[in-house]
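Convention: sequence-line order gives letters A, B, ...; per-chain numbering from 1. Given the structure is predicted, the values throughout are model-derived calculations rather than measurements.
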Number of protein chains: 2
Amino acid sequence: MASRAKATIFDIAREAGVSKSTVSLVLQGSGLIRPETAVKVRKAIEDVGYVYNRGAANLRKAHSNVIGMVINDLTNPFFAELAVGMERVFQSAGIVPFIANTAENPVRQEEVLKSLMEQGVAGLIVSPARGTTPGAFRRLEMAGVPVVFAMRRLPESRIPVITPDNHRGAYLAAAHLIGKGHRRLAFFGGSADLVVYQERLGGFREACETLGIAARDMTVIEGETSRRGGIACLDTALATSEPPTAALCFNDAVAFGVMLALRKRGLEPGPDFAVVGFDDVVEAEHYMPALTSVSVDTAGLGERAAHVMLKMIQSRTTRAEDHIGAVNLVVRESCGPDRRARNRPAGMGDAA
Amino acid sequence: MASRAKATIFDIAREAGVSKSTVSLVLQGSGLIRPETAVKVRKAIEDVGYVYNRGAANLRKAHSNVIGMVINDLTNPFFAELAVGMERVFQSAGIVPFIANTAENPVRQEEVLKSLMEQGVAGLIVSPARGTTPGAFRRLEMAGVPVVFAMRRLPESRIPVITPDNHRGAYLAAAHLIGKGHRRLAFFGGSADLVVYQERLGGFREACETLGIAARDMTVIEGETSRRGGIACLDTALATSEPPTAALCFNDAVAFGVMLALRKRGLEPGPDFAVVGFDDVVEAEHYMPALTSVSVDTAGLGERAAHVMLKMIQSRTTRAEDHIGAVNLVVRESCGPDRRARNRPAGMGDAA
DNA sequence: GCCTATAAATGGAACGTTCCAATAAATCAA
DNA sequence: TTGATTTATTGGAACGTTCCATTTATAGGC
């Protein structure tokens, strides 16, 4: 039954003995056509193996139903989860979103955005790649395509953002560490060109300052946001004269790396060195020891972003309010018992 | 400069003082137009903020450059890696593939495939969802759209497949276990409705038979292909009267679950119970203990699939040869020392 | 100068839909 | 019956490209 050339509504019309307009109406589920006619047409559609041509339709409709999700790193389970959250709401709205990966590469991102625009997307949810230039989204804005940023924001952009409360999350985590009796704290991983980094580091700093940790007792080491980066951070931190006894990591991947590096040195994550992660990916719970981490409800943020996008499309606007998602610290085993209750010698300077 | 209605080649033509045809030629990089004219046109394109309308173009060209990748579970890092491999080759071919997730749901898969067809994809690389019905790809075949299956195959389909050598991988793993002195072996996780499962189990069985393990010493327990499934498998296996001492797991996620469950019971993965995974995801190396696993070169298979797809599109065929990727067993720590030399202390393990 | 050959630019007809305005058919009020 | 009203159906003109067949401009040969 594989016809040579693809079937069009004209073929269906001929087959069913009606006009192309009638077929079009049936396709759109219009209530104007007589039920028997609709049945006849639908049968013809089935018979000729018709495939709807959305491109042709969009030519007239000027309103496509394609939504793009631009993700900066698909291999990071964190972003995969974000994507899944978004998908859930789009699915229930009958929309199939297309995911494109930029692999944290601004040039690739440019290509991806261009391609999606050419495809005539109705809207875009983007987790911008690191090093995105300020002008990267100008074309989108000019074209009036609604855009939402998820998880990351750009310095001076007016595009709505859905992000967790990074500042507060970092604050909570640092406060937890200090409460456990740690006095020399580190912040591991990430780099200053990310706004997220500044927010998290800001929360860390504020906790240290308000809870009486001197600036010289804070170690901040930038690094890759991966296991490898975590390993490197720990190594350089422990090489200093007065090494920290605890670290807040930029994300869970870094934290896993730190724990790995500790083990390699015969140190036990928790009792010997406390580590806290950020994002609370699913593995955090299953790690040995289980990772204490700042939970950000990734999938929930994804859903939120999708809802905002849907609303923007519906009200044909390009503006929307930012949304800062709640966070909370999930305490597990990677910070060990309270430091003061430990009879380990090694003369650590316990201030109080 | 945000014009109300989107600019078309007519607007550019007016702006540049040429005809629409000339603009079209410039857009396609034709060598027929005078360089100065091309420059003039390109400037106009920039000025009016023009966005190419690929839908309209495809209406005439009948050959889109959209390729879809349909993935059954994006949150599984294994499939994410597969996607990344494919992307690498598409990127260097200058095309942006769109990823769609089916979340292992055949109904969703149907929607996704329909949507991609309507979008006029040039080709599709699919890792079919579990429980896909035989007819699910009939429409695609009728429409003559090239399709390649990656990692999974459908029972009686004639669609080309790119997959690792599951049988051999499982054989190698089981042989390794037997070589370590194990005599009661288990196969954990997966379910019989997946062809992959049958292949892997087949390899396992063959190794056992040729290397002298009796059928009654083989325990086969189906289960979810996740950490949770692994936990369940181990629990039911250890509840039998003569429990196995080693297990080949359907994939790494199951293996992680098994190791977790062992730890919960105070057993040490390796010395107390040997476990081998399948797929060799990146985490396998970083686990404690590091997981012995069958490496399948996921990204490489993705690249392969992409190449095959490109070739199919180019030669406008819907047929291609299957490709069975090489596998190899990466021996790490999760099988412990040889079983026969057992009273050695567990050196590399962590503090119990 | 004229004719031919080549180079550069152009108008028009398609591509497969939607949607408006118009028609045809059926129903109803008088 | 007639006209008005409602219900179903239909033709035609868009939508923004590509590509073929032409036209126009430029150059070359004699």
Picking from D/dT10, C/dT18, C/dG16, which would you name as closest to the side chain of A/Ala57?
C/dT18
Checking C/dG11, C/dT17, D/dG16 against the side chain of A/Leu59 (C-beta onward), the nearest is D/dG16
What nucleotide among D/dG11, D/dT18, C/dT18 has an atom nearest to a side-chain atom of B/Tyr52?
D/dT18
Nearest-Å distance for atom pair CG/C1', residues B/Asn58 and C/dC15
11 Å
Has B/Thr37 got a side-chain N or O lying under 4.0 Å from the OP1 or OP2 atom of C/dA9?
yes
Please report the distance, rounded to the nearest Å, between CD1 in A/Ile33 and C1' in D/dT10.
14 Å
Taking CD from B/Glu36 and C1' from D/dA25, how many angstroms apart are they, rounded to a whole number?
14 Å
If you count every heavy atom of other residues, nucleotides or ligands that lies below 6.0 Å from B/Arg152 atom CZ, does the total exceed 12?
yes
Out of D/dT18, C/dG12, C/dT18, which nucleotide sits closest to the side chain of B/Ile9?
D/dT18
In whole angstrom, what separates B/His63's NE2 from C/dG16's C1'?
19 Å
Name the closest nucleotide to the A/Val18 side chain, picking from D/dT10, C/dC15, C/dG11.
D/dT10
For A/Lys114, look at atom NZ and say whether over 12 heavy atoms of other residues, nucleotides or ligands are found less than 6.0 Å away.
no
Would you call B/Glu46 and A/Arg139 a salt bridge, using N to O less than 4.0 angstrom?
yes
Taking A/Ser64 for the side chain and A/Gly120 for the main chain, is one N or O donor matched with an acceptor at less than 3.5 Å?
yes
Heavy-atom nearest nucleotide on DNA chain C for B/Gly17 versus B/Ala56: which residue maps closer to 5'?
B/Gly17
Taking only N and O in the side chain of A/Ser24, is any of them less than 4.0 Å away from OP1 or OP2 of C/dT18?
yes
Considering only heavy side-chain atoms of A/Asn53, the closest of C/dT17, D/dT9, D/dG16 is C/dT17
In whole angstrom, what separates B/Leu32's CG from D/dA25's C1'?
15 Å
How do A/Lys20 and B/Val51 order along DNA chain D: which one's closest nucleotide is nearer the 5' end?
A/Lys20
Does D/dC19 have OP1 or OP2 sitting under 4.0 Å from an N or O in the side chain of B/Gln28?
yes
Would you please test A/Ser21 and A/Ser24 for side-chain hydrogen bond (donor to acceptor under 3.5 Å, both in side chains) and show each step?
CA-CA 5 Å; A/Ser21 303; A/Ser24 175; over 6 Å; no
Does A/Ser21 have a side-chain nitrogen or oxygen under 4.0 Å from the phosphate oxygens OP1 or OP2 of D/dT10?
no
Among D/dT17, C/dG16, D/dT9, the one nearest any side-chain atom of B/Phe10 is D/dT17
Rounded interatomic separation in angstrom, taking NZ from B/Lys61 and P from D/dG16:
18 Å
OP1, OP2 of D/dT17 versus side-chain N and O of B/Arg54: anything below 4.0 Å?
no
Distance, rounded to the nearest Å, where B/Leu27 contributes CG and C/dA9 contributes C1':
16 Å
Check whether any side-chain N or O of B/Arg34 sits under 4.0 Å from OP1 or OP2 of C/dA9, and answer yes or no.
yes
Interatomic distance, A/Arg14 CZ vs D/dT9 P [rounded to whole Å]
20 Å
Side-chain-base donor-acceptor pair under 3.5 Å for B/Arg60 and D/dT17
no
Any side-chain N or O of A/Thr22 less than 4.0 Å from the OP1 or OP2 oxygen of D/dT9?
no
Is it the case that atom CD in B/Glu321 sees more than 12 heavy atoms from other parts of the structure closer than 6.0 Å?
no
